[in-house]
Amino acid sequence: MAKKEVIDEVTMKRALTRITYEIIERNYEIDQLVLVGIKTRGIYIARRIAQRLQQLENVEVPVGALDITLYRDDQKNQTGQAELHDSSIPESLEGKEVIVVDDVLYTGRTIRAALDAIMDFGRPQKIALAVLIDRGHRELPIRADFVGKNIPTSSAEEIVVEMLETDGADRVLINKKGEA
Ligand SMILES: O=P(O)(O)OC[C@H]1O[C@H](OP(=O)(O)OP(=O)(O)O)[C@H](O)[C@@H]1O
Ligand SMILES: O=c1cc[nH]c(=O)[nH]1
């Protein structure tokens with residue numbers, strides 16, 4: 001199966017704008033809000049949501065970045081210390097209202113690990129989750145509060161998120177695992 005585009009630039013933009021409106025409607029204490037993006041593309045998505053919050057509400061929401069590869073509990077990323085880099089949280093998360101942001105939600109293991117990692121930066125008042133794509137197949141009791149698009153997949157497929165900042169274009173593709 002060839003790669004198939006399931007989200008184009010315009011649809012991605014709309015999805016992120018909608019998520020931003022949903023965040024606004026949720027009545028967060030804006031001055032307590034911190035977005036925490038999960039590397040790599042979750043950070044870009046978090047920055048884009050922060051930009052829209054600035055445009056729509058004239059608020060500056062801090063964006064942190066989390067590299068959680070060391071914390072994962074499956075063997076996929078247990079390659080040791082070399083992966084502990086780039087986590088940067090702008091301030092203590094103690095008492096904050098945190099929204100974790102990632103590109104794809106799949107088994108939920110990355111998010112479980114992210115929750116662990118966040119606790120090292122203080123105890124937030126609450127934590128929510130925003131993802132661009134929810135592709136199903138959860139292995140843990142984790143769900144997203146804000147979803148750009150639900151894309152049902154088989155486990156033989158993969159979702160490939162491309163973003164301007166790192167891939168030269170904004171789009172989402174579905175691909176048969178192992179195919180280029
Ligand atoms: O719900 P899960 O099963 O944990 O899967 C979701 C995670 O998988 C991907 O990261 P990946 O580890 O593939 O790294 P990448 O983002 O650098 O491609 C994706 O960016 C999510 O962070
Ligand atoms: O299909 C998938 C699964 C996890 N993470 C991705 O980026 N794509």
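Given the structure is predicted, the values throughout are model-derived calculations rather than measurements. Numbering of ligands and ligand atoms starts at 1, following listing order.
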Side-chain atoms of residues 53-64: list all donor-acceptor pairs with protein atoms under 3.5 Å, sequence neighbours left out, distances to 0.1 Å.
unit_1	atom_1	unit_2	atom_2	d
Q54	NE2	N58	OD1	3.2

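Interface of E158 with ligand 2, defined as ligand atoms under 4.0 Å from a residue heavy atom, comprises 1 (O). Near R109, meaning under 4.0 Å from one of its heavy atoms, ligand 1 places the atoms 1 (O), 4 (O). Near T107, with a cut-off below 4.0 Å to any heavy atom, the atoms of ligand 1 are 1 (O), 2 (P), 3 (O), 4 (O). For ligand 1, the atoms closer than 4.0 angstrom to any heavy atom of T110 are 2 (P), 4 (O), 5 (O), 6 (C), 7 (C), 22 (O).
By the 4.0 Å N-to-carboxylate-O rule, R112 lies too far from E139 to be salt-bridged with it.
A side chain to side chain contact (heavy atoms under 4.5 Å, CB included) with I7 is found for exactly one of K149, R171, K13, namely K149.
In this structure, of K177, R135, H137, the residue bringing a heavy atom nearest to atom 1 (O) of ligand 2 is R135.
Note on ring orientation: taking the six-membered ring where Trp is involved, the planes of F146 and Y28 are tilted (angle from 30° to 60°).
Close N/O approach between I159 and ligand 2 is found [any backbone or side-chain N/O within under 3.5 Å]. Of the polar atoms of E157, none of the N or O atoms is found under 3.5 Å from an N or O of ligand 2, judged by distance alone. Taking any N or O of D103, backbone or side chain, at least one lies under 3.5 Å from an N or O belonging to ligand 1. Among the atoms of L105, none of the N or O lies under 3.5 angstrom from an N or O of ligand 1.
Only the side chain of D102 comes within 4.0 Å of ligand 1, counting heavy atoms alone; its backbone N, CA, C and O stay farther away.
When the shell of 6.0 Å around CZ of R26 is examined, it contains more than 12 heavy atoms from other residues, nucleotides or ligands.
Under the rule for a side-chain hydrogen bond (donor to acceptor under 3.5 Å, both in side chains), the partners of R18 that lie at least two apart in sequence or sit in another chain are E22.
When all heavy atoms of T166 and Y44 are compared, the pair lying nearest together is CG2-CE1, 3.6 Å.
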